[in-house]
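Below is one structure, written out as structure tokens, with a few remarks after it.
It should be emphasised that the depicted structure is a prediction, and the values quoted were computed from it without experimental measurement.
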Amino acid sequence: MVLLGSADSTFCSGFNLCFRAKVKRNLWLTLLILIYILPMLAFQTIHSIATGNGEWNYRRSIGLFLNAYEKDKKQWILLEPAGYIPYFSGLKTIDEVGLVDKQIQEEIKKDKPNYWINTVKNRKPKYLLAYRDLFEDKDSVYYKTHYRLLNKFRIKDHLKSDYPILEKIYKLKPSGTDYNLYEKVKQ
């Protein structure tokens, strides 16, 4: 018959605590994975697929439209941050944040609330691509006099896919903004 001495009982007690700590740790890890990591992974996957559609199928199509429409690649376009649209259009770009055109940063420093209209008046780009309707803007008189609406691009028109699951993702989380494209009128 084997008797457990005090050293053995300490080992069993320590083992029991160690076992309980492992079970508790595994429970927390499982809950972390199920409640946080898997939902975030699913969200990130959906977000990445939708953003890819927004960039490749939507913004690229605007750039391709401009590329086919404007043959003179020395013309300027004023738009949001540079990316797919200026790349595929081949046009010279004035972007709102100054990624490819640092001159706009000086305009923002001088008069931030009016930098857009000041840039349009001073630099006279042939094309304007805006989120908002410039003909309803506070400077609408200027825009109506010097520009015409060339095209309206709507994100809802680019949510189709041959694959039903992708189409559901695109509609669940459309990635893109409606744009209005204006062209300078000849004076």
Side-chain angles (χ1 to χ4, degrees), residues 26-101 104 108 115-117 119-120 125-140 143-144 147-185:
N26 289 342
L27 175 65
W28 279 109
L29 282 173
T30 302
L31 289 173
L32 175 71
I33 290 168
L34 291 175
I35 295 172
Y36 182 74
I37 294 176
L38 287 178
M40 290 303 288
L41 179 65
F43 170 79
Q44 185 59 45
T45 301
I46 289 169
H47 177 71
S48 296
I49 291 169
T51 300
N53 177 61
E55 292 296 333
W56 186 253
N57 292 329
Y58 182 50
R59 289 186 183 89
R60 181 179 66 103
S61 71
I62 297 170
L64 291 172
F65 169 84
L66 279 163
N67 189 311
Y69 183 80
E70 180 57 63
K71 301 304 178 201
D72 180 5
K73 300 306 175 198
K74 292 181 182 172
Q75 296 300 322
W76 289 87
I77 182 170
L78 173 59
L79 74 163
E80 62 167 326
Y84 278 76
I85 297 168
Y87 178 81
F88 283 99
S89 73
L91 299 174
K92 291 183 174 189
T93 304
I94 306 167
D95 64 306
E96 288 181 355
V97 295
L99 294 172
V100 295
D101 184 83
I104 198 164
I108 292 170
Y115 81 92
W116 179 278
I117 188 65
T119 301
V120 171
K126 183 170 183 181
Y127 298 99
L128 306 174
L129 187 67
Y131 303 123
R132 62 192 191 282
D133 183 350
L134 297 179
F135 293 165
E136 294 180 11
D137 192 81
K138 65 181 174 106
D139 300 302
S140 63
Y143 292 122
K144 289 177 183 176
Y147 287 88
R148 71 178 184 94
L149 181 63
L150 178 62
N151 203 338
K152 290 183 177 184
F153 296 97
R154 300 296 176 250
I155 186 64
K156 67 179 175 57
D157 299 333
H158 292 82
L159 301 178
K160 304 247 184 295
S161 175
D162 293 336
Y163 304 98
I165 188 77
L166 289 179
E167 190 166 323
K168 285 180 183 176
I169 290 172
Y170 297 162
K171 288 179 180 177
L172 174 68
K173 191 194 175 302
S175 181
T177 307
D178 292 341
Y179 292 106
N180 296 313
L181 178 63
Y182 301 89
E183 181 180 25
K184 191 166 182 41
V185 293

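The CG atom of Leu129 sits 10.0 Å away from atom CZ of Arg59, with the distance rounded to the nearest 0.5 Å. If you take OH on Tyr127 and OH on Tyr69, they are separated by 5.5 Å, rounding to the nearest 0.5 Å. Taking CG of Asn57 as the start and CG of Leu166 as the end, the distance is 10.0 Å to the nearest 0.5 Å. Ile117 contributes atom CD1, which lies 7.0 Å from atom CG of Asp137 (distance to the nearest 0.5 angstrom).
In this structure, the side chain to side chain contact (heavy atoms under 4.5 Å, CB included) partners of Asn67, at least two apart in sequence or on a different chain, are Lys73. Residues that satisfy the salt bridge (charged side-chain N to carboxylate O under 4.0 Å, His left out) test with Asp95, not counting sequence neighbours, are absent from this structure. Taking the salt bridge (charged side-chain N to carboxylate O under 4.0 Å, His left out) definition, one finds that Glu70 meets it with Lys126, sequence neighbours left out.
Aromatic pair Phe153/Phe65: ring centres closer than 6.0 Å. Ring centroid separation for the pair Phe135 and Tyr182 comes in under the 6.0 Å cut-off.
Residues Tyr58 and Thr177 share a closest heavy-atom pair of OH-O, 2.7 Å. The two residues Ser61 and His158 have their closest heavy-atom pair at OG-NE2, 3.2 Å. Considering every non-hydrogen atom in both Ile104 and Val97, the closest pair reads CG2-C, 4.5 Å.
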Give every donor-acceptor pair under 3.5 Å between a side-chain atom in residues 27-38 and any protein atom, sequence neighbours left out.
residue	atom	partner	partner atom	Å
Thr30	OG1	Asn26	O	2.7

Review item, side-chain donor-acceptor pairs of residues 40-47, under 3.5 Å, at least two apart:
residue	atom	partner	partner atom	Å
Gln44	NE2	Ser48	OG	3.2
Thr45	OG1	Leu41	O	2.8
His47	ND1	Lys173	NZ	3.1

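A donor-acceptor contact shorter than 3.5 Å is absent between the side chain of Tyr115 and the backbone of Glu96. Looking at Asn151, its side chain never comes within 3.5 Å of a backbone N or O of Asn180 through a donor-acceptor pair. Within the 3.5 Å criterion, the main-chain N or O of Ala68 finds a donor-acceptor partner in the side chain of Lys71.
Look at Glu136 and Arg132 and you find no salt bridge, because none of the NZ, NE, NH1 or NH2 atoms lies under 4.0 Å from a carboxylate O. Taking the charged nitrogens against the carboxylate oxygens, Asp178 and Lys152 have no contact shorter than 4.0 Å, which rules out a salt bridge.
Among Thr93, Thr119, Ile94, the one residue that satisfies the side-chain contact (heavy atoms from CB on, under 4.5 Å) test with Asp101 is Ile94. Checked against Leu181 for a side-chain contact (heavy atoms from CB on, under 4.5 Å), the options Leu128, Ile85, Leu79, Leu66 give a single hit: Leu66.
Residue pairs meeting the side-chain hydrogen bond (donor to acceptor under 3.5 Å, both in side chains) criterion with at least one partner in residues 77-92, sequence neighbours excluded, are Glu80-Tyr131, Glu80-Tyr179.
Put simply, the side chain of Leu134 reaches to within 4.5 Å of the side chain of Trp116, judged on heavy atoms.
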